[in-house]
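Following: one structure in structure tokens, then a few remarks.
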Amino acid sequence: MTHANEHAHPVTSPKTYGLVLLALLVLTVITVQASYFDFGPWNTVVALIIASAKGSLVALFFMHLRHDKFNAVIFVGGLLFLAIFLIWTLFDISTRQTVLPSNLKTPVEEFPGAPLGGPVRPSTGQPRGMPAQ
Amino acid sequence: MSEGVLHAGAGHAVHHADYLEEPKGLWSWLTTVDHKRIGLMYMWSVLFFFLVGGIFALLIRLELLTPKQTIMDAETYNRVFTLHGAIMTFLVIIPAIPAALGNFALPLLLGAKDVAFPRLNLASLYVYWTGAAMAVATLALGGVDTGWTFYTPYSTTTGGGVTLMVLAAFVLGFSSIFTGVNFIATIHKLRAPGMGWFEMPLFCWGMYATALIQILATPVLGITLLLIVMERVLGVGIFDPQLGGDPVLFQHFFWFYSHPAVYIMILPAMAVISEVIPTFSKKTIFGYKAIAFSSVAIALLGFLVWAHHMFVAGMSLFAGAIFSFLTFFIAIPSAIKVFNWIATMWRGSISLEAPMLYAISFLLIFTIGGLTGLFLAALSTDVHLHDTYFVVSHFHYVMAGSNLIALLAGMHYWWPKMYGRLYNKKLAAISCALIFIGFNMTFLPQFVLGSRGMPRRYFNYLPQFQDLHVASTIGSWVLAAGLFLTAAYLLASFRQPKGMAANPWGGRTLEWETTSPPTTHNFEGQPVLQHGPYDYRPEPAPVGVKELAH
Amino acid sequence: MNWFRDFLLPRGASTHVGEMDGLFMFITWLTVFFFFFNGALILYAVRRWRRRSNKEVTPHITHDTRLELVWSLIPLAVVMLIFLWGFKGYVKAWVVPNDAMEIIATGKKWVWEFEYPDGTRTLNDLHVPVNRPVKLVLTSEDVIHSFYIPEFRLKRDAIPGRYTELWFTATEPGIAQVYCTEYCGKGHSDMLARIFVDTPEQYETFLREGDEQVQKMPLKDLGRLVWENKGCATCHSLDGTRGQGPSWKGIWNQRHRGADGKEHLVDADYIRQSILMPQAMVVQGYEPIMPTYQGLLREREILGLIEFIKELQ
Amino acid sequence: MSTAVPSAHAHAEGGHTPFLQHHFREMSQQFDAAKIGMWLFLVTEVLLFGGLFVGYGIMHARHPEAFMAAHHHLDKTMGALNTVVLLISSFTMVLSVWAAQTSRKKLLILFLLLTLACAGTFMVVKYFEYSHKFHEGLLPGKYYSHKGDTVPGQFLFFSFYFMMTGLHGIHVLLGMAAIAWLVWRAARGHFSSAYYAPVEITGLYWHLVDLIWIYLFPLMYLIS
């Protein structure tokens, strides 16, 4: 393993940084403009793709990951575990069956007016902490 | 430091001030950045809380002697088992080996002068003390009765000091993260010259794998605990079904940390055992790479399986199948390790010193602890056994049994290095036997209780379970007797003068090449690795530490 | 080796038992085998190669790939077998037959409430006909509970805001114990219920007139039974100790000060109202946490409770 | 098996700076260790915020209408303004690292102060946004008292809004403290091409704060 000296680290010129900033600002304008268009279910995806492009620019240039493979592995590894966290949790939550008792007449809202097909309050008994009549 | 005195290897008896004596005074200990002193302070703190948590455990067992109320009422009982769990998990088992033994031994094993960030290391100790003080302070607020798992919505609706306890666990998380960051940076950057990744002692691999989990999992626990605080203080609604939240989501958040955290508890134990067995078998470790990689594999696979804690929480068939399937893969690296350790003993020159006795005891207890995990990974048996005493017993075998017995193995192994003194070997053998018998007496009956249907966290129970509870309670007294005996002879060792040889066990790792106890800067100069960590071949070349001009 | 199984496991009384018990015993024997196998290897090694002199030289064996493969692949095969076996049983326990009779079970601190297809309700006592598939739809009103029947080898969490289900076919008449296995506070260990596995005739009678024995009982004994079985005992003591609710000892004909500041005489009407509309009058210093028993108690059972309380002087 | 690699030559090189800690052999080792440490810490930060992002994602999927309706209370212009301010602060931060790398002391202090100014602007804008929300009763959890909601559950969005931007805001404040400390040290001439690890790792932290905002901005202000 070679030990680079502290002053031997590659120095990026301010001009490059300026261009990166410019790109980031342009992407910000794009993402704001894109929010006025309706891509249907892809809205969030588009927003996140643009955010990831910006994030990559920051990480690669401002955080020097371009020249820093080792720490890039650490960082990407961290993101990978975040992804596992999200995907595994979603996997369970989204594959749960919506079991409903057959005698459930109307969905009783969990809070007033909630248009939810999912969780409902049980049909019997009083809610916890209901004030005395 | 003695200037100009060169040590060419083990066995030199030139007396100079060691890290225990120099500098002197309480203040110098409280402000020290020496990893060895921090490790010792961690160790004694952990042992103190082990005593506290252990007393709670004895109270629990005493209460369960009879089916109805014995010595306390239901509310007190709930608080006592919560405190037992929270103290033992967050204050004892998680820091036990990494923060105490790891801090003491890791830099020595790597041939480094200190960990990469000594001040962060000290900060971690103070954070630990702060968290511990907060956890104890909950007693003043009426205790906590949620169980250490803080399941919502119970934990967000019950009274008492839950908020403070949750914040305490949050703070303790930082101490764990600091240790993890420190160890990874240390292992990457401070290995002795000549020490490649595969010349590292396996203890370091274990610590590395542990540190990975500490870094990747602990922050999620942090945010989960903050969310509970927010739920209690602001009613933010994310885990509250009345407000549109989902209590099952909490379980995902919690187990994303807490399942890998189980490996924070077992990997360091395996790390210690991987040092003790070759030393006392005087034989090179069998399958070095397999053991090293299986540590990392356990650490990483551990992140994929947490949902097996939720098989009976209404999970879909498909999800259940996937999580069960993945869980079984943890069994492979664990099995590899056990067989590799036994293979290391094979054709060795086995010396049954106290650390080796504890290591053998670990092997047997871990065999039971590991294999009973299969019951809980398999779907149909888990449905029957989940949340019963079977689970209680299984995790005590893995966490309490394996982790704490490995802690004892490590303490007995490095005690001469820490203090330059030796304990009474006969008493050590007796107490090791007492602990082994007491432990099995306490927890074997609990497997049967569980498979017969005794649920966990029960204050009252049906009379049919009493016989086994009585057996378990008596076992807990035997276990306690063994532990008190250990404490007694370890403390008694301080009455002897310091005079241990540098390498009393004939170990081949670097810590044995400096004096016992070491000086503040561990080594005279920078040690350079001359042979592998478990190389017991007789060799003509001079062994070990070579001096470098400083 | 049936004695060993009978030592480890409770009586089996549902169609899920066979699958689970077979796997359970398989892993048990595996554990026992490897414990003694590893123990024997260690013991042998320690006896055979005990150190006699510090000068002993040991062979330098770093690894043996073939051997290591053996002890990686054999465990792999075994655990895959266990996975498939466990999965098979789980699928069976998961897929509810179409003709299953549906009963709704609601957990609340610290009772189980059951609602039958015909609208009958019971507390803590679940009556099911033998040899007929029964589906339980579980939910909770407050915190998470878990419905556990060891003799059926079944367990499922009852989660507030969600419904979960489990099903079984009870195979022999008798009584099976139900436990709550998700920690839910002070009364967790008293949150017990019983499943009465009835013959078809018994079940019909139950639906018609409630439990047979109960109908014949003297009123005050019935009152005590209700107190024990319907969850009263969790909060109301008989010996004057303060629980979640006031003790019943000596309250008959006494005056209670309510949260509204008014005094109420404890008489039959008062007791009836407290049972059916508990929130109408909460005794000062207690939380308004008692659930209503409207529709849950038969008239005779309420009379029984009144008689029972009368006796507690 | 590798043989010994003597590294004695490193001592002479590192020995002249007073900032080499005793347990490191040379400056580059110390610098690399500090960077690894910082990156590991950043990973913990990512997972800390990650928990909130996961919670947000799942609650959003559960209550899409509520989140949609609630986000209209946020001001896109303010959010965009803050995004730009933070991006510029990242730019000035990276320039201060460059100034330190090239031993330009005055520029280093200037850029650090500019970064501080941007961070301050960010917090001021946040202050106005928060006080506006408070005024309208758009508070988290049980304090939510906004009138005239058409979709229930909007308070959930604001629970996340305040928790996520609040945690982010705390990080901005901590970053400001760290940068102020850098200014103090830079003024004393501690940093040069031979030693600038604190500037570098504070910069990394600061960019992460920026990076998190880059995701918060569309998720909070721009969902549709």
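Numbers restart at 1 for each chain; the letters A, B, ... are given by sequence-line order, proteins then strands. Since the model is a prediction, treat every value here as computed from it, not as a measurement. All heavy atoms count here, side chains included; hydrogens, waters and symmetry mates do not.
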Interchain contact, B:Leu304 with chain A, by part (heavy-atom threshold 4.5 Å): both

Short side-chain to backbone donor-acceptor contact, A:Ser35 and A:Val32, under 3.5 Å: yes

Heavy-atom side-chain contact between B:Met195 and B:Leu510 under 4.5 Å: yes

Donor-acceptor under 3.5 Å (B:Arg232 side chain, B:Ile228 main chain): no

B:Phe256-B:Phe303 aromatic ring centre distance below 6.0 Å: yes

Partner chain A: residue of B:Val220, B:Leu216, B:Leu249, B:Leu212 with the largest heavy-atom pair count (under 4.5 Å): B:Leu216

Greatest number of heavy atom pairs closer than 4.5 Å to chain A - which of B:Ala217, B:Pro219, B:Gly314, B:Ala307: B:Gly314

Chain A contact via B:Phe323 - side chain, backbone, both or neither, heavy atoms under 4.5 Å: side chain

Part of B:Ala313 lying under 4.5 Å from any heavy atom of chain A: both

Gap separating the OG atom of A:Ser94 from the CD1 atom of A:Ile87, nearest 0.5 angstrom: 11.0 Å

